[in-house]
Amino acid sequence: MASTGVHTDLVKRRRAVLPDWLSLYYDEPIDLERGEGRHVWDAEGNRYLDFFGGILTTMTAHALPEVTAAVSEQAARILHSSTLYLNRPMVELAERVAELSCIDEPRVFFTASGTEANDTALLLATGYRASNQVLALRNSYHGRSFSALGITGNRAWSPTSLSPVQTSYVHGSRRPGTPMADLPDEEFTDACVADLEDVLGQLNGNVACLIAEPVQGVGGFTTPPDGLFARFKEVLDRHGILWISDEVQTGWGRTGEHFWGWQAHAANGGPDIVTFAKGIGNGLSIGGVVARAEIMNSVAANSISTFGGSPVTAAGALANLDHLVAHDLQGNARQVGAVLREQLDAALGRLPALGDVRGKGLMIGVELVHPGTGAPAPELATWALEETRRQGLLVGKGGMHGNVLRIAPPLSLTEEEAREGARILLDVLEKAGRA
């Protein structure tokens, strides 16, 4: 990738005014100036195939004409009014989300982010159950607000032990480094259910909820066996505990096989509350909560949202969602994701630095390890992140040890683009074994 030094000055200006803890990718950070389809261009004119979508947020495509038109048309009328006034785009989007939610008697509340959505879900669950005790999964991530950090089970993203809730962590997705690492799916599920029962036996009084990502995002796309949360739900129902499914990263068909990630676990009914964000706005700042009416309506105080579901974000999100459904991008995620997985899975055992490939649809984690020992190799993941960028491919990074490359392109990815990205990634991973 060519460099003209345009980014250097912007990096200096950024460091002078923004927090030191605000992470930046790459030794030489890039300013993404424009996008089209599955590609983006930086301010120095370099073109990249985008396999990360702004952290799983560009769901359909960059500069999708339908979204651009909807935002432009709404912005020309009115940008903002708040929830104190009727808002047609908000009502129309809520109707569409409710229709797609698979929640009984659904009510929808819009927020400005996934963090705020999870914060709202915790408010609903703890108030409804009159309890501040919350269950969450180890290695989880649910946002950066005070309450969301209080239920985050990944130490790299949890800067404080202070919390407004009492959180107990249970096993559910992450296997490497645990006593259950080598268990087959059925035995792993049994062990997780036993762990859940054991944790509940140590808590006093009623528990408000279990919050869980169907596929752990920041945690490195760790994926529980299908049906695990259905088994959890049997236990939760006996205790009256609510199930919150955090679909901020898994929702809207990204896993390919289902529209919602929780549907892989739906044998005994779905969650009581679903949170969403990211992909629905395709980059617009919108999130939300869907819950059964009796739970959503249980808030016993006045409440509003200044920015949640604003006219312009709701209009853009509705156009984006309609495009996704009309073009069956869930089906495309399943089909093209399989092509991508086939390329990567074929390299397992051949590339010594490639420890694991996992995930569903267009949500794929590539775990890097030290050749020979199999120990997590975060430095190789950092090196691979840099090298893929140099070769024109943008990927993400995460996992408990920071050694997992995260692949999550827009759901309109073509087979040709999938093969191109896989070729670059495999070339880098081959070099990683010698890096």
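Here, residue 1 is the first one in the sequence, and each next residue gets the next number. Treat the numbers as computed from the prediction; the structure is a model and nothing was measured.
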inquiry  = Treating N282 as the side-chain partner and A61 as the backbone partner, does any N or O pair qualify as donor plus acceptor under 3.5 Å?
reply    = yes
Between E417 and T414: side-chain donor-acceptor atoms closer than 3.5 Å = yes
key: Least distance between heavy atoms, L344 atom then I407 atom   = CD1-CD1, 4.0 Å
query = Does Y141 have any ring pair (Phe, Tyr, Trp, His ring centres under 6.0 Å) partners at least two apart in sequence or in another chain, and if so, which?
reply = W157
query = Are the side chain of T152 and the backbone of N154 linked by a donor-acceptor contact shorter than 3.5 Å?
reply = no
message = Using a strict threshold of under 4.0 Å (side-chain N to carboxylate O), is an ion pair present between R389 and D27?
response = no
message = Does either side chain, that of E367 or that of N403, offer a donor lying less than 3.5 Å from an acceptor on the other one?
response = yes
key: Closest approach of A70 to A319 (non-hydrogen atoms, all atoms of both residues)   = CB-CB, 3.7 Å
message = Are the side chains of D356 and V404 in contact, using a 4.5 Å heavy-atom criterion?
response = no
query = Under 3.5 Å, is there a donor-acceptor pair between the E247 and S245 side chains?
reply = yes
ask   = Taking the side chain from D42 and the backbone from I30, do they hold a donor-acceptor pair closer than 3.5 Å?
value = no
N132 and Q166: side chain donor to acceptor below 3.5 Å = no
Heavy-atom pair of closest approach, residues F51 and L413 = CE1-CD1, 3.7 Å
ask   = In Å, rounded to the nearest 0.5 Å, how long is the span from CG of L124 to CD of E294?
value = 12.0 Å
request  = Give me the ring orientation class for F276 and W260: parallel if the planes are under 30° apart, tilted from 30 to 60°, perpendicular past 60°.
outcome  = tilted
key: Between D195 and H171: side-chain donor-acceptor atoms closer than 3.5 Å   = no
inquiry  = Let me confirm one number: the CZ-OG distance from F146 to S163, rounded to the nearest 0.5 Å.
reply    = 6.0 Å
message = I'd like to know if K360 pairs up with D226 as an ion pair, taking the criterion as any Lys NZ or Arg NE/NH1/NH2 lying under 4.0 Å from an Asp or Glu carboxylate oxygen.
response = yes
ask   = Of all heavy-atom pairs between V248 and G114, which one has the smallest distance, and what is that distance?
value = CG2-CA, 3.9 Å
remark   = Heavy atoms of I273 and I295 approach each other most closely as CD1-CG2, 4.0 Å
task = Please answer whether the main-chain N or O of L64 pairs with a side-chain N or O of T68 as donor and acceptor at a distance below 3.5 Å.
result = yes
request  = Identify the residue among M59, R334, R254 that makes a side chain to side chain contact (heavy atoms under 4.5 Å, CB included) with L362.
outcome  = R254
task = Answer yes or no on whether R138 is positioned over the face of Y169, meaning its NZ or CZ is under 6.0 Å from the six-membered ring centre and within 45° of the axis.
result = no
query = Are Q249 and R406 linked by a side-chain donor-acceptor pair shorter than 3.5 Å?
reply = yes
task = Check the side chains of R38 and S412 for a donor-acceptor pair under 3.5 angstrom, ignoring hydrogens and angles.
result = yes
ask   = For W41, what residues pass the ring pair (Phe, Tyr, Trp, His ring centres under 6.0 Å) criterion, not counting sequence neighbours?
value = none
Expected output: side-chain T126 to main-chain L122 donor-acceptor under 3.5 Å = yes
Test log, rule side chain to side chain donor-acceptor pair (under 3.5 Å), inputs D246 and H142 = CA-CA 8 Å; D246 178 349; H142 298 285; 2.7 Å; yes
key: E92 atom CD: more than 12 heavy-atom contacts under 6.0 Å   = yes
ask   = Do E257 and Q263 have a side chain donor and acceptor closer than 3.5 Å?
value = no
query = Between N118 and T275, is a side chain to side chain donor-acceptor pair (under 3.5 Å) present by the stated rule, with each step listed?
reply = CA-CA 6 Å; N118 284 331; T275 62; 2.8 Å; yes
query = With no hydrogens and no angle check, do the side chains of E386 and Y25 hold a donor and an acceptor under 3.5 Å apart?
reply = no
key: All pairs passing ring pair (Phe, Tyr, Trp, His ring centres under 6.0 Å) where residues 54-85 contributes a residue, at least two apart   = H80-F307
Side-chain donor/acceptor of K278 to backbone N/O of I55, under 3.5 Å = yes
ask   = Got a donor-acceptor contact below 3.5 angstrom from the R175 side chain to the L183 backbone?
value = yes
